[in-house]
Amino acid sequence: MDVFKLYIDGQFTDGAAQFSSQNPATAEPWATIAEARRDEVNRAVEAASRAFGSESWRAMTAGARGKLLLRLADLIEKHADRLARIETQDTGKIIRETKAQIAYVAEYYRFYAGLADKMDGATLSIDKADMETWIKREPVGVVAAIVPWNSQLFLSAVKIGPAIAAGCTLIVKAAETAPAPLLAFAELIHEAGFPPGVCNIITGFGEECGTPLTTHPLVDHIAFTGGPDTARHIIRNSAENLASTSLELGGKSPFIVFADADLESAANAQVAAIFSASGQSCVAGSRLLVAEEIKDAFIEKLIGKVRGIVIGSPEQPETQFGPLCTIQQKRTIEAVVSRSLEQGARLVIGHQPIDRPGFYYPPTILDCSNTPQAESVTRELFGPVLSVLTFKDEAEAIRLANGTDYGLAAGIFTQNLTRAHRVTRKLRCGVVWLNTYRAVSPMAPFGGYGKSGFGREGGIDAALEYTTTKTVWLRTSDEPIDDPFIMR
Ligand code: NAD
């Protein structure tokens, strides 16, 4: 068994206990993981707080912090193959995706490296003749960054990158499911030369590790990615320390196909939207809203594409579709699909057992056009299940698209430019993809409306979330201050 340790205050350390991590493709344990509980959390937060207040960190210029991130990016590229293999073994995500994603993670660090010395304050044209007034932009402080199990290297990069660029220090909590890639990544933080305590990486369970972290009085900001129920806990926890929060939560994103769309391109994008990463993506386009008149033709196309998907070992380069990450996830999805069928949804394809060890569940399509309230339509499944609804006109497409508490992403397929703009304007969500899906970039802000959370990751906006401002007033007059009883 491989062993993964916690990284606290520049040292690799054992935890309060150990637990094992399973390979989802074999259902066998493959790694031993050190578990952080209250004591380890306290040590990590105190280290981050000490590092934040240290003269050496304060004295490090923004440009020097940028160089630290550049060194980290180079190391990520150098070790990308190893990290990708670890992520594939721990999460079951296919190797072609983990390799591509990790190589791109380096670009996120480079983007924030470049931003580090460009987060300027401002001078104000103040309405008082004897004052100079300026705004300094300062780091928000000690950040608790909490990520879910999917894409931990990517989801932590969009927190570590901007936080370090801004001058914060962090405690990154890897999810208890599949924490190995992020714990292995700590070796690169060490090798890049991050000062001790600046970026601590731990893992553990919600109650024993997440709660002491998010209630800790020395934590100033909580950057959370995960599900809405956990987010509610975190908001309640932050009532203890009054930390600011940013929340990246789930979605039930609509994928809208108008009758004039390029159906071949739309079908490929729909497959990418719901079946890549076996559907375990926060932006999964899990609700297909298709114009009534092309429904049959479009579903036929999708069936053809689903039949061609190569299901297999995630470690093989030709595999396109691997297992789910956990057995619980598989059982939940099977149960929701069974209930949706009882509620009247029609099975188009999928939902049959796959004869392999591990947590496999096949690409599945449900026609819910007569059962728009079926559970598969309303609940985020975080799996490869597409629910199909139909619309008669543009107004109905928009009503269905917005008919969810979530608001993370949407796809629109149409060749009609004016319609693309009209519909985009009316959708309540943080990302709209027109004639494409699942495109991301370090330059582009990402985040949700409604129950999909608040705050943005990616882009310049994200870095500003890790800063706060200090307004400085300088009186330029040499005359004594006159009336002390009026506000100046
Ligand atoms: P989860 O909410 O169960 O867990 C996320 C993290 O929160 C884990 O590290 C977990 O240990 C921690 N946690 C649990 N209880 C806690 C507590 N009381 N205090 C502090 N931390 C606690 O999420 P999951 O099931 O692992 O991941 C799936 C969810 O994440 C889905 O809803 C998915 O849509 C969402 N997600 C969102 C994005 C995005 O960017 N918007 C990206 C990926 C995943």
Side-chain angles (χ1 to χ4, degrees), residues 19 21 33 35-38 41 45 90-91 93 101 108 144-159 171-179 181-183 201-216 219 222-241 243 245-253 274 277-286 324-326 328-330 332-333 379-383 404-409 429-431 438 440 444-458 462:
F19 60 99
S21 198
I33 311 287
E35 180 193 338
R37 294 187 186 158
R38 187 174 292 277
V41 169
V45 177
D90 216 20
T91 61
K93 279 177 69 168
Q101 205 176 45
Y108 276 78
I146 300 176
V147 293
W149 59 266
N150 69 311
S151 310
Q152 300 210 33
L153 294 174
F154 175 71
L155 295 171
S156 55
V158 291
K159 298 174 176 58
I171 309 94
V172 184
K173 182 198 161 317
E176 63 274 38
T177 306
L182 198 42
L183 297 177
I201 301 191
I202 62 173
T203 189
F205 295 83
E207 203 41 49
E208 295 82 358
C209 176
T211 297
L213 178 59
T214 48
T215 51
H216 200 292
V219 166
I222 303 167
F224 172 74
T225 303
D229 290 341
T230 315
R232 288 189 185 91
H233 273 291
I234 285 176
I235 294 281
R236 281 193 286 271
N237 290 352
S238 70
E240 298 289 321
N241 53 15
T245 51
S246 56
L247 304 176
E248 294 289 343
L249 311 179
K252 196 71 204 176
S253 299
I274 188 64
S278 300
Q280 303 166 107
S281 160
C282 54
V283 292
S286 53
L324 298 170
C325 187
T326 64
Q328 295 87 331
Q329 182 68 355
K330 179 180 172 198
T332 304
I333 291 172
R379 176 166 167 183
E380 184 193 33
L381 292 185
F382 218 59
T404 166
D405 289 341
Y406 289 110
L408 191 54
C429 60
V431 183
R438 215 170 172 243
V440 292
F446 177 89
Y449 283 32
K451 302 272 183 309
S452 291
F454 48 78
R456 291 292 176 266
E457 293 192 324

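In this text, all values refer to a predicted model and were calculated from it rather than measured experimentally. Ligands are counted one by one from 1 in listed order, and the atoms in each one are counted from 1 as well.
The side-chain heavy atoms of Glu248 and Val158, taken from C-beta on, include no pair separated by under 4.5 Å. Residues Phe446 and Cys282 are in side-chain contact: their nearest non-hydrogen atoms beyond the backbone lie under 4.5 Å apart.
What you find for Val41 and Cys209 is that their closest heavy atoms are CG2-O, 3.7 Å. The shortest heavy-atom contact between Gly455 and Ser246 is CA-CB, 4.4 Å. When all heavy atoms of Thr214 and Asn241 are compared, the pair lying nearest together is O-ND2, 2.9 Å.
Closest to atom 19 (N) of ligand 1 among all protein heavy atoms lies Gly210 C, 3.4 Å. Of all protein heavy atoms, the one closest to atom 10 (C) of ligand 1 is Glu176 OE1, 3.5 Å. At the top of the distance list for atom 2 (O) of ligand 1, counting protein heavy atoms only, stands Thr230 OG1, 2.6 Å. Considering only non-hydrogen protein atoms, atom 41 (N) of ligand 1 sits nearest to Leu249 O, 2.7 Å. Closest to atom 7 (O) of ligand 1 among all protein heavy atoms lies Phe224 CE1, 3.3 Å. For atom 36 (N) of ligand 1, the closest non-hydrogen atom of the protein is Cys282 CB, 3.6 Å. Among protein heavy atoms, the minimum distance from atom 27 (O) of ligand 1 is reached at Pro148 CB, 3.2 Å. The protein heavy atom nearest to atom 32 (O) of ligand 1 is Glu380 OE1, 2.7 Å.
Closest heavy-atom approach to atom 33 (C) of ligand 1 within the set Phe382, Phe205, Phe446: this belongs to Phe382.
Not a single N or O atom of Glu457, backbone or side chain, sits closer than 3.5 Å to an N or O atom of ligand 1. Looking at ligand 1, you'll find an N or O of Val147 within less than 3.5 Å of one of its N or O atoms. Remark: ligand 1 and Gly251 share no N or O pair separated by less than 3.5 Å (distance only, no angle test). Residue Gly227 has at least one nitrogen or oxygen atom sitting less than 3.5 Å from a nitrogen or oxygen atom of ligand 1, judged on distance alone.
Residue Lys173 holds its NZ atom at 13.0 Å from CD1 of Ile222, rounded to the nearest 0.5 Å. With values rounded to the nearest 0.5 angstrom, Glu176 atom CD is found 9.0 Å from Glu208 atom CD. The line from SG of Cys325 to CG of Asp90 is 7.0 Å long, rounded to the nearest 0.5 Å. Rounding to the nearest 0.5 angstrom, the gap separating the CG atom in Leu182 from the CG atom in Leu153 is 6.0 Å. For the atom pair Lys93 NZ and Ser278 OG, the distance stands at 10.0 Å (nearest 0.5 Å). From Leu324, atom CG reaches atom CD1 of Ile333 across 4.5 Å, with rounding to the nearest 0.5 Å.
Of all the atoms in ligand 1, the ones that sit under 4.0 Å from a non-hydrogen atom of Lys173 are 8 (C), 9 (O), 10 (C), 11 (O). Heavy-atom contacts of Ile234 reach the following atoms of ligand 1: 19 (N), 20 (C), 21 (N) (cutoff under 4.0 Å). Counting atoms of ligand 1 from 1 in the listed order, those under 4.0 Å from a heavy atom of Trp149 are 26 (O). Close contacts between ligand 1 and Asn150 involve ligand atoms 43 (C), 44 (C) [criterion: under 4.0 Å to a heavy atom]. For ligand 1, the atoms sitting less than 4.0 Å from at least one non-hydrogen atom of Leu155 are 42 (C), 43 (C), numbered in the order shown with element in parentheses. Taking every heavy atom of Thr225 and a limit of under 4.0 angstrom, the matching atoms of ligand 1 come to 5 (C), 36 (N), 37 (C), 38 (C), 39 (C), 40 (O), 42 (C), 43 (C). Under a 4.0 Å criterion applied to the non-hydrogen atoms of Thr211, ligand 1 contributes the atoms 18 (N), 19 (N).
With a 6.0 Å radius and a threshold of 12 heavy atoms from other residues, nucleotides or ligands, Arg438 has its CZ atom above the threshold.
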